[in-house]
Amino acid sequence: MGTEPDYSAILPAPFGALGIRLWAGILIGLDMLPPGTPLWQADSASRVATGLKAYFADPRRPFNLPLALSGTPFRQRVWQALLSIPPGETRTYGEIAAQLASSPRAVGQAVADNPIPIVVPCHRVLAARGLGGFMHGRDGFPIEVKKWLLRHEGINI
């Protein structure tokens, strides 16, 4: 028995691959996977595949996917705040914290725990000075993906 997450599909991405988790056709998880990850797609993931392909062609294209974000009420509020950040714009952890009457550290943890990155655009949240983290990382593959996503949306980093 392996410890790998159970994916509904593993789709191509310009920076590697995306592990997609669906429950009854609803998107519940999306993981960034490194280049070279074997790809496969089930019919059940075709709507998600179409939405991601449209985003990679045009980052201003809105996602129209059913989502199920499972988390505490605070995390739900943070993730809703992320959904209000338009493509091509960023916010800092501090700005979101002020909006939610919270602390930047608490916001940062909720952002890092976002189960559906790209669709819930946690990559648009930056530190007061610099990129901040991404996918619980501060360097290597996670930060390269964050940089790619920001550049894709026209944000000079």
Side-chain angles (χ1 to χ4, degrees), residues 5 7-22 27-37 39 41 45 47-71 74-157:
Y7 293 119
S8 304
I10 298 179
L11 306 174
F15 45 77
L18 296 168
I20 307 300
R21 287 188 309 282
L22 299 170
L27 183 60
I28 62 169
L30 189 152
D31 294 330
M32 296 351 168
L33 304 172
T37 301
L39 306 174
Q41 181 177 335
R47 185 172 178 186
V48 174
T50 299
L52 289 165
K53 190 180 291 185
Y55 169 81
F56 291 135
D58 177 3
R60 302 216 181 288
R61 214 47 210 269
F63 286 100
N64 184 20
L65 299 171
L67 307 177
L69 291 161
S70 180
F74 174 74
R75 287 176 185 223
Q76 294 283 341
R77 289 178 37 225
V78 171
W79 299 333
Q80 287 303 310
L82 301 181
L83 287 166
S84 73
I85 306 170
E89 292 185 23
T90 61
R91 302 291 184 273
T92 66
Y93 298 102
E95 288 171 329
I96 293 173
Q99 175 185 340
L100 300 177
S102 182
S103 74
R105 185 174 300 256
V107 167
Q109 188 62 48
V111 169
D113 289 342
N114 170 20
I116 310 175
I118 300 178
V119 178
V120 178
C122 53
H123 60 280
R124 297 179 189 150
V125 183
L126 308 176
R129 292 178 188 80
L131 284 176
F134 190 61
M135 301 178 344
H136 290 284
R138 293 197 158 284
D139 56 21
F141 180 68
I143 292 301
E144 292 308 312
V145 171
K146 184 172 185 169
K147 288 177 182 178
W148 188 93
L149 291 167
L150 291 170
R151 285 191 302 262
H152 178 60
E153 294 185 3
I155 297 167
N156 294 322
I157 48 165

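Source: prediction; values computed, not measured. FYI, side chains are in, hydrogens and waters are out, and symmetry mates aren't considered; it's all heavy atoms of this structure. Residues: numbered from 1 along the sequence shown.
Partners of Q76 under the side chain to side chain contact (heavy atoms under 4.5 Å, CB included) rule, at least two apart in sequence or in another chain, are L69, W79. Applying the side chain to side chain contact (heavy atoms under 4.5 Å, CB included) rule to I85 yields the partners L82, E89, R91, I96, R124, V125; only residues at least two apart in sequence or on another chain are considered. For K53, the salt bridge (charged side-chain N to carboxylate O under 4.0 Å, His left out) criterion is met by no residue, not counting sequence neighbours. For the side chain to side chain contact (heavy atoms under 4.5 Å, CB included) test, residues two or more places apart in sequence or in another chain that qualify with L67 are L27, L65, I116, V119, V120. Qualifying salt bridge (charged side-chain N to carboxylate O under 4.0 Å, His left out) partners for R77, counting only residues two or more places apart in sequence or in other chains: none. A search for side chain to side chain contact (heavy atoms under 4.5 Å, CB included) contacts involving R60 returns D58, P87, not counting sequence neighbours.
Note that CG of N64 is 11.5 Å distant from OG1 of T50, once rounded to the nearest 0.5 Å. For the atom pair CG (L18) and CG (L33), the distance works out to 7.0 Å, reported to the nearest 0.5 Å. The CG atom of L22 sits 12.5 Å away from atom OH of Y7, with the distance rounded to the nearest 0.5 Å. Rounded to the nearest 0.5 Å, atoms CD1 (I20) and CG (L30) are 4.0 Å apart.
The two residues A106 and F74 come nearest to each other via the heavy atoms O-CE2, 3.6 Å. Residue I143 comes nearest to G132 through the heavy atom pair CD1-O, 3.5 Å, listed as atom of the first residue, atom of the second, then distance. A81 and S84 get closest at one heavy-atom pair: O-OG, 2.7 Å. The two residues V111 and C122 make their nearest non-hydrogen contact at CG1-CB, 3.5 Å. Annotation for P104 and G94: closest pair CG-CA, 3.9 Å, computed over non-hydrogen atoms.
In R151, the CZ atom is crowded: over 12 heavy atoms of neighbouring residues, nucleotides or ligands sit closer than 6.0 Å.
Although no hydrogens or angles enter the test, the distance criterion places no donor-acceptor pair under 3.5 Å between the side chain of T37 and the main chain of A17.
Judged as a salt bridge (charged side-chain N to carboxylate O under 4.0 Å, His left out), not a single pair has a partner in residues 8-18 (not counting sequence neighbours). Residue pairs that meet the salt bridge (charged side-chain N to carboxylate O under 4.0 Å, His left out) test with at least one member in residues 92-114, sequence neighbours left out, are R75-D113. Residue pairs meeting the ring-ring contact (aromatic ring centres under 6.0 Å, His included) criterion with at least one partner in residues 130-157, sequence neighbours excluded, are F15-W148, Y55-H152, F56-W148, W148-H152. Applying the salt bridge (charged side-chain N to carboxylate O under 4.0 Å, His left out) rule to pairs touching residues 127-145 yields E144-K147, sequence neighbours excluded.
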* To do: Apply side-chain contact (heavy atoms from CB on, under 4.5 Å) to the pair M32 and I118, showing each step before the final yes or no.
  => CA-CA 10 Å; M32 296 351 168; I118 300 178; 3.6 Å; yes
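Residues R21 and D31 meet the side-chain proximity criterion, which asks for heavy atoms closer than 4.5 Å. The side-chain heavy atoms of L126 and K146, taken from C-beta on, include a pair separated by under 4.5 Å.
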